[in-house]
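The structure under discussion appears below in the form of C-alpha cells.
Chain identifiers are assigned alphabetically (A, B, ...) following the order of the sequence lines, protein sequences preceding nucleic acid strands; residue numbering begins at 1 within each chain.
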Amino acid sequence: MSTATPFHSHRRAAERAAVLAFALYAVCFLRVTQLTVRWPEIRQWKALKPLWPVAWLKHLPPGLGVDLVFVSAIAAGLWVLCKPLSRLSRVVFAVSYLQVLALSMSLAKISHSDHASLWVAILLCLAPGGSPADLARARFRAGWLGAFAGCQMMVALFYSLAGAWKVLAFLHAPPGWVGLLDYGGLGYSIAVKAGQTGSISEAGRWLAGMPLLSTITAWVVTYLQLFSLVAIFRPRLHKIWGVGLIGFHLGSLVGMDVPFLQTVPVIALLWIASPFSPEKSSLAGDLAQLPVLRLGLGGLRRVRLALGEIRYPEKAQI
Amino acid sequence: LRLPTWPREFRPGNLWRARHRRIRLTLALVGFFYLALALSREAEIFPFFSWRLFDLRAPDNVRYSLVLEEVRGKALSPPRNMLEVRGPARALSSIDSRSLVRKLGIALQRKDPSAAAHRQLLESAFLEPLKPIRYQVVAEKFDAASFLASRKITQSETLGAFALK
C-alpha cells in the first residue's frame with residue numbers, strides 16, 4: 001500500500017492552495033453581500049450594544065459607523081478577490097470581515113456558522129505575500145501550504161471540541177439531564193428545539209420517533225466530530241471526512257433546523273478539495289486509515305506477527 | 001570546481017524559518033484551544049467559542065416568548081404566541097428575535113436593570129413595524145419528552161406587559 005505524503009507534489013499542492021484561498025475569499029465575500037441586504041435594517045437599530053470589534057461605533061453618529069463598516073467590507077472584499085496573493089489585502093479583508101460579522105451579531109445572537117470562514121480569513125494572513133511568479137520559490141510555497149494546513153487544523157479543532165464536549169457530557173451528565181449520546185438523546189434534543197422554536201420538520205419528527213436510529217446517528221456524528229483533528233493529519237481521509245461533515249450539516253438542517261450553511265462551502269474547499277489528499281487512492285485503503293479502525297488493524301497485525309501467522313517483511317540486503 | 005551545497009529549501013536558515021512558522025501555528029492553535037475551553041456559553045467572546053453545542057439538555061425546559069394582544073392597532077382575541085403568528089409579525093420567530101426575547105425574559109425574572117435596554121433593542125429591531133402593539137413577556141415551561149405528541153405548555157408565567165404606541 002502506497003503511503004500518502006502531505007507534500008506529494010509540492011508545487012502543484014501550493015498552486016492549488018492559492019486557488020482554493022481565492023475560492024475561500026469568494027465564499028467570504030458572498031457572506032458580505034448576504035449581510036449587505038440587512039444594511040438598511042441595521043442602520044435603524046437603536047440601543048445597539050456592539051460586540052468588541054465594533055465598539056468604536058458608539059463614538060460616531062448613528063448610521064455613519066454602520067455605513068463605514070459595510071463600505072470597507074465590500075471594498076476590502078473586492079480588493080482581496082483581485083489580489084489574493086497580496087498579504088496587505090488579506091489583512092485588511094480579515095479586519096473588515098471581522099467587523100461586519102461582529103456588527104451583524106451585535107443585535108442578539110452570535111452565529112457560529114460564520115466562525116469557520118472568519119478564522120480561515122484570519123489564518124490565511126499568515127501566508128506570505130507575493131505574486132504568482134513567487135510560487136517557483138520553495139519558501140513561498142511552504143508558507144502557503146503551512147497557512148492552508150493551519151486553516152484546516154483550526155476548523156478541525158472546532159469539530160473536535162464539539163465532539164469532546166458531547167463525550168464529556170455522556171460520561172459526566174448530572175442526574176436527570178439528557179446527553180446527546182444517551183439512548184434517545186438526539187430525539188430528546190430535537191423535542192427541546194421544537195419546544196423552543198415552536199416548529200419541527202417532518203424529518204425531525206420521524207427521527208425523534210426512532211430512538212435506536214437517532215442514537216446510532218448521534219454516535220456516528222460524534223465520532224466524525226471528535227476525530228476531525230486526527231483525520232486532518234491523514235490526507236487520505238480528507239475527502240471522506242469532508243463528505244461526512246457536509247452530510248452532518250445538511251442532516252442537522254433538515255432534522256433540527258440548525259443552519260450551518262456558511263460552513264458547508266468552507267468544508268468543501270478545505271477538506272474535499274484539500275491540496276494534501278493524494279491524487280490516486282483506493283476506497284478500501286482510505287477506510288483503513290479511519291481513526292480507531294487503523295489502531296485496531298495495527299494491533300491485529302502485531303498479534304498475527306507474534307503468533308507467526310504472518311512474517312515480518314524481510315530487510316533489504318545492503 | 002563546484003562545492004556540494006544544500007538545496008535552497010533545505011538550507012539551515014530556511015529550515016529555521018519553517019520551524020518558526022510551525023511553532024507559531026502550533027502556539028496559535030493551542031492558545032485557541034485553551035481560550036475556547038476557558039469560555040463558557042454565557043461568557044462567549046466573539047470570535048472565540050467553546051463549541052459546546054447540543055451536548056446536554058436540562059430535565060426542565062423553559063422558553064421565553066411574547067404573547068401578542070394587539071398588533072398594528074388590531075386586537076388579537078385570543079392573544080397569540082409570537083411563535084404561532086403569521087403575516088407581518090412572522091419575523092418575531094427568527095433566531096435573533098427569540099434570542100432577544102430570551103435575554104429580556106431572563107433580565108425581567110432577575111429584576112435586572114438591563115431589561116430596559118433589551119426591550120428598547122427588541123422594539124426598535126422587530127416591534128417598530130408592528131406598532132401600535134401590546135404584548136406580554138412570558139416564561140413557559142414544557143416537558144420535552146411529551147412535547148412532540150401534545151405540544152403542551154405545562155406552566156406559563158407572565159413577566160411583564162408592555163405597549164408601544
Practice prompt. For the pair A/His249 and A/Phe260, name the ring-plane relationship: parallel under 30°, tilted 30 to 60°, perpendicular over 60°.
Written response: parallel

Worksheet entry | Interface residue of largest heavy-atom contact number with chain B, from A/Met154, A/Glu41, A/Met105, under 4.5 Å | A/Met154

Worksheet item: Given side chains that start at C-beta, do those of B/Phe54 and A/Met256 come closer than 4.5 Å, heavy atoms only?
Response: yes

Fill in: Parallel, tilted or perpendicular: ring planes of A/His112 versus B/Phe49, cut at 30 and 60 degrees
parallel

Worksheet item: In terms of heavy-atom pairs under 4.5 Å, which option from B/Phe46, B/Phe142, B/Phe147 contacts chain A the most?
Response: B/Phe46

Worksheet item: Distance from A/Trp144 atom CH2 to A/Asp134 atom CG, nearest 0.5 Å?
Response: 11.5 Å

Worksheet item: Just wondering, do A/Phe158 and A/Leu229 contact through their side chains at under 4.5 Å, heavy atoms?
Response: no

Worksheet item: Non-hydrogen atoms of chain A under 4.5 Å away: do they reach the side chain of B/Arg98, the backbone, both or neither?
Response: side chain

Fill in: Under 4.5 Å from a heavy atom of chain B, the part of A/Leu161 involved
both

Worksheet item: Any donor-acceptor pair under 3.5 Å linking the side chain of A/Arg87 with the backbone of A/Leu126?
Response: yes

Worksheet entry | Contact origin within A/Leu107 toward chain B - heavy atom pairs under 4.5 Å | both

Worksheet item: Taking every heavy-atom pair that is under 4.5 Å apart, which of A/Thr222, A/Val192, A/Ile110, A/Leu180 has the most such pairs with chain B?
Response: A/Val192

Discussion item. Using heavy-atom distances under 4.5 Å, tell me whether A/Leu181 contacts chain B through its side chain, its backbone, both, or neither.
Written reply: neither

Worksheet entry | Electrostatic pair B/Lys74:B/Glu70 at N-O distance under 4.0 angstrom | no

Practice prompt. Using non-hydrogen atoms and a 4.5 Å limit, figure out which bit of A/Val258 sits close to chain B: side chain, backbone, both or neither.
Written response: side chain

Worksheet, complete the sentence: When the 4.5 angstrom heavy-atom criterion is applied to A/Ser199 and chain B, the contacting part is backbone

Response to the item:
Heaviest contributor of heavy-atom pairs below 4.5 Å to chain A, chosen from B/Pro47, B/Ser99, B/Ser97, is B/Pro47

Fill in: Segment of B/Asn61 engaging chain A (4.5 angstrom heavy-atom cut-off)
side chain

Worksheet item: What residue, out of A/Leu118, A/Leu157, A/Ile122, A/Leu123, has the most heavy-atom pairs lying under 4.5 Å from chain B?
Response: A/Leu157

Fill in: When A/Trp52, A/Tyr159, A/Trp119, A/Phe170 are compared by non-hydrogen pairs under 4.5 Å with chain B, the top option
A/Trp119

Worksheet item: Would you call A/Asp182 and A/Lys166 a salt bridge, using N to O less than 4.0 angstrom?
Response: no

